[in-house]
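Here is the structure we will look at.
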Amino acid sequence: MKILLPFLCCLLYTLTAATQTVYHLHYNQQIENETVPTYALYFQHEDGSGFLRTRYTDPVSKADMLLEMSLAEEGITDTNQKADSTKMYIRALNPELILGNAKAVRNTPVFLFELNKNSNEMEMRALVYENEKGEKIVDEKASLNVAYVNESNLTKELFANYFQEGDDFLENYFSPNSKDISAAEKNITMHMLIVADTLEKNIGRSCAFDMRRVMQMFAYIAAYIGCKTNIRIVAGKEYGKRSVVSELKLLKAGSNDIIVFYYTGHGYRKAEDTRRYPYLDLRSKPDDDYLRETLNMEDIYKQIKQKGARTNLVLSDCCNTYVGATNATGSKPIKKKSIVPELNSQFVRSLFLNKISVLATAADSTQKASGNPSFGGFFSYFLKTSVENSCSKNVFANKTRESGTAPTWYDILNQAQQLTYNKSRLTYCDKPYIPE
């Protein structure tokens with residue numbers, strides 16, 4: 001199978017990781033009919049998960065209040081229930097008391113983000129409140145002041161205003177980063193077999209985005225470890241069952257190696273096969289018999305496990321319903337001003353340097369996969385952000401495990417599943433934009 005070396009060199013040169021958005025805020029909130037100056041640290045991952053820490057003086061008890069809240073994105077729709085891609089709300093939820101008076105009132109703010117057309121990024125613009133009709137109104141009295149925190153002004157002194165000395169997050173986030181990757185581990189090989197139906201007339205462009213995104217993610221991890229890579233691509237004119245079968249036979253791995261099989265394209269079910277995972281549509285020509293030009297994900301998984309590698313990841317972003325169903329299309333995830341976090345070697349080792357095998361796909365039995373033609377599949381995107389966020393030194397915003405605890409693939413896939421589900425709730429399967 002041919003690989004375009006200029007493309008791969010460009011890809012490896014432009015490796016990107018999931019990002020995080022940090023703001024330092026000052027605003028006024030109304031508590032017991034008093035205007036209370038409030039400072040806040042806003043910290044959000046690219047996938048939407050994150051936290052808000054607020055600090056102020058309770059006007060009744062005069063206690064120093066420090067609260068933590070989770071963050072949830074809320075899309076904005078027009079009168080036709082179509083998503084507005086230029087605005088969004090971020091709601092703070094579930095206030096938890098860190099310091100202060102347990103009986104004090106705890107407000108949960110809602111932030112309005114709007115698209116900056118010059119940078120094509122969503123930026124925080126205002127605080128809003130809800131009136132009696134449930135409408136969100138910009139709160140002019142809040143006098144919101146927003147300071148974007150980048151790599152140059154992201155300091156431990158700033159964060160220390162919102163975390164107590166010795167806090168796991170504070171110590172982990174600002175500790176020296178030691179890779180601690182052994183010479184033997186650097187000598188392993190990560191084998192990637194990427195299968196993408198990039199010429200399919202309806203989803204080919206989306207598959208091309210998926211292919212690049214997944215290659216970037218695993219090449220980024222391999223570059224961090226310092227291990228070798230063996231990348232094989234079945235795409236374009238080379239796409240088809242024969243090519244996939246050939247590549248699977250040629251794939252040889254050592255006992256310490258890592259194997260990644262990834263598929264993006266059409267998937268379907270056979271009425272007589274009750275297995276949970278989909279068949280892959282591996283036709284090289286549209287008039288080929290799809291019932292013959294196919295492989296089931298479970299069969300591929302079994303074949304790859306027999307290669308004897310330490311880590312086996314078998315992944316697909318495709319539908320898992322019956323032939324004839326159309327893919328669900330939604331709006332692209334929204335980009336914000338952001339910085340790239342550092343990785344944690346313990347967390348990388350937990351996922352990639354321990355003996356484990358994983359089989360995962362975008363849609364359960366009879367479900368559709370969702371995505372956007374000019375962006376790619378949502379499962380591929382949220383899998384990438386979940387892996388990279390969980391491997392970063394900041395795991396505070398990931399409430400699936402305690403800060404400082406190494407992630408598992410169970411954590412990763414649960415997080416990717418929930419984020420994909422949240423996004424797909426605003427996905428439209430048919431006009432006039434009926435959510436399904």
Side-chain angles (χ1 to χ4, degrees), residues 1-5 7-9 11-12 15 188-200 203-204 206-223 225 227-267 277-284 293-318 351-353 355-362 369 376-377 379-380 383-384 387 409:
M1 199 59 50
K2 295 180 180 178
I3 298 177
L4 299 178
L5 290 178
F7 169 75
L8 279 181
C9 291
L11 170 71
L12 295 174
L15 289 180
I188 68 175
T189 298
M190 180 183 288
H191 305 269
M192 287 183 252
L193 175 51
I194 310 295
V195 182
D197 196 357
T198 56
L199 297 184
E200 207 281 337
I203 64 169
S206 177
C207 293
F209 280 106
D210 290 341
M211 177 179 69
R212 288 194 292 270
R213 179 170 289 124
V214 169
M215 286 174 63
Q216 281 182 339
M217 171 180 68
F218 288 111
Y220 178 70
I221 295 295
I225 296 171
C227 69
K228 295 174 287 186
T229 56
N230 172 29
I231 304 175
R232 309 293 293 175
I233 302 171
V234 177
K237 294 181 180 179
E238 303 287 346
Y239 183 84
K241 178 182 177 180
R242 178 180 296 179
S243 296
V244 176
V245 170
S246 174
E247 288 296 331
L248 286 171
K249 287 181 178 178
L250 292 171
L251 178 56
K252 307 294 182 184
S255 59
N256 286 324
D257 287 351
I258 301 166
I259 297 177
V260 178
F261 175 91
Y262 171 80
Y263 171 80
T264 174
H266 283 302
Y277 288 83
Y279 280 84
L280 310 183
D281 184 350
L282 297 173
R283 291 176 294 172
S284 57
E293 300 302 308
T294 185
L295 295 170
N296 186 275
M297 281 293 291
E298 293 188 33
D299 294 332
I300 294 172
Y301 175 71
K302 291 176 183 176
Q303 188 174 346
I304 284 179
K305 280 191 68 177
Q306 293 174 355
K307 304 288 183 181
R310 75 157 81 188
T311 302
N312 302 291
L313 306 176
V314 181
L315 313 166
S316 62
D317 196 338
C318 62
L351 293 178
F352 293 93
L353 298 177
K355 191 171 181 61
I356 191 169
S357 296
V358 174
L359 171 62
T361 193
F379 172 70
S380 295
L383 177 67
K384 176 180 184 289
V387 168
W409 279 104

Point-to-point distance, once rounded to the nearest 0.5 Å, from [atom1] of [X] to [atom2] of [Y]:
{"X": "Leu193", "Y": "Asn230", "atom1": "CG", "atom2": "CG", "result": "9.5 Å"}
{"X": "Met215", "Y": "Ile231", "atom1": "CE", "atom2": "CD1", "result": "4.5 Å"}
{"X": "Phe261", "Y": "Lys307", "atom1": "CZ", "atom2": "NZ", "result": "11.5 Å"}
{"X": "Leu251", "Y": "Gln306", "atom1": "CG", "atom2": "CD", "result": "12.0 Å"}
{"X": "Ile356", "Y": "Leu351", "atom1": "CD1", "atom2": "CG", "result": "8.0 Å"}
{"X": "Lys384", "Y": "Asp210", "atom1": "NZ", "atom2": "CG", "result": "12.0 Å"}

Heavy-atom check, side chain of [X] versus side chain of [Y], under 4.5 Å:
{"X": "Val195", "Y": "Leu282", "result": "yes"}
{"X": "Tyr239", "Y": "Leu199", "result": "no"}
{"X": "Ser380", "Y": "Phe209", "result": "no"}
{"X": "Val214", "Y": "Thr264", "result": "no"}

Would you say His266 and Asp197 are linked by a side-chain donor-acceptor pair, where the criterion is simply a distance under 3.5 Å? no
Partner of Asp257 under side chain to side chain donor-acceptor pair (under 3.5 Å), chosen from His191, Lys252, Lys228: His191
Side chain Thr198, main chain Ala208, donor-acceptor under 3.5 Å: no
List the atom of [X], the atom of [Y], and the distance in Å for their closest heavy-atom pair.
{"X": "Asn312", "Y": "Lys305", "value": "ND2-CA, 4.2 Å"}
{"X": "Cys318", "Y": "Gly267", "value": "CB-N, 3.7 Å"}
{"X": "Met190", "Y": "Phe218", "value": "SD-O, 3.5 Å"}
{"X": "Arg310", "Y": "Asn256", "value": "NE-O, 2.8 Å"}
{"X": "Lys241", "Y": "Leu295", "value": "CE-CD2, 4.0 Å"}
{"X": "Asp281", "Y": "Tyr263", "value": "O-OH, 3.4 Å"}

Apply the test side-chain contact (heavy atoms from CB on, under 4.5 Å) to residues Phe352 and Val260: give CA-CA distance (whole Å), side-chain angles for both, the deciding distance (0.1 Å), then the verdict. CA-CA 11 Å; Phe352 293 93; Val260 178; 5.7 Å; no
Determine the sole option in Leu313, Asp317, Val314 for which the side-chain contact (heavy atoms from CB on, under 4.5 Å) test with Tyr262 is passed. Asp317
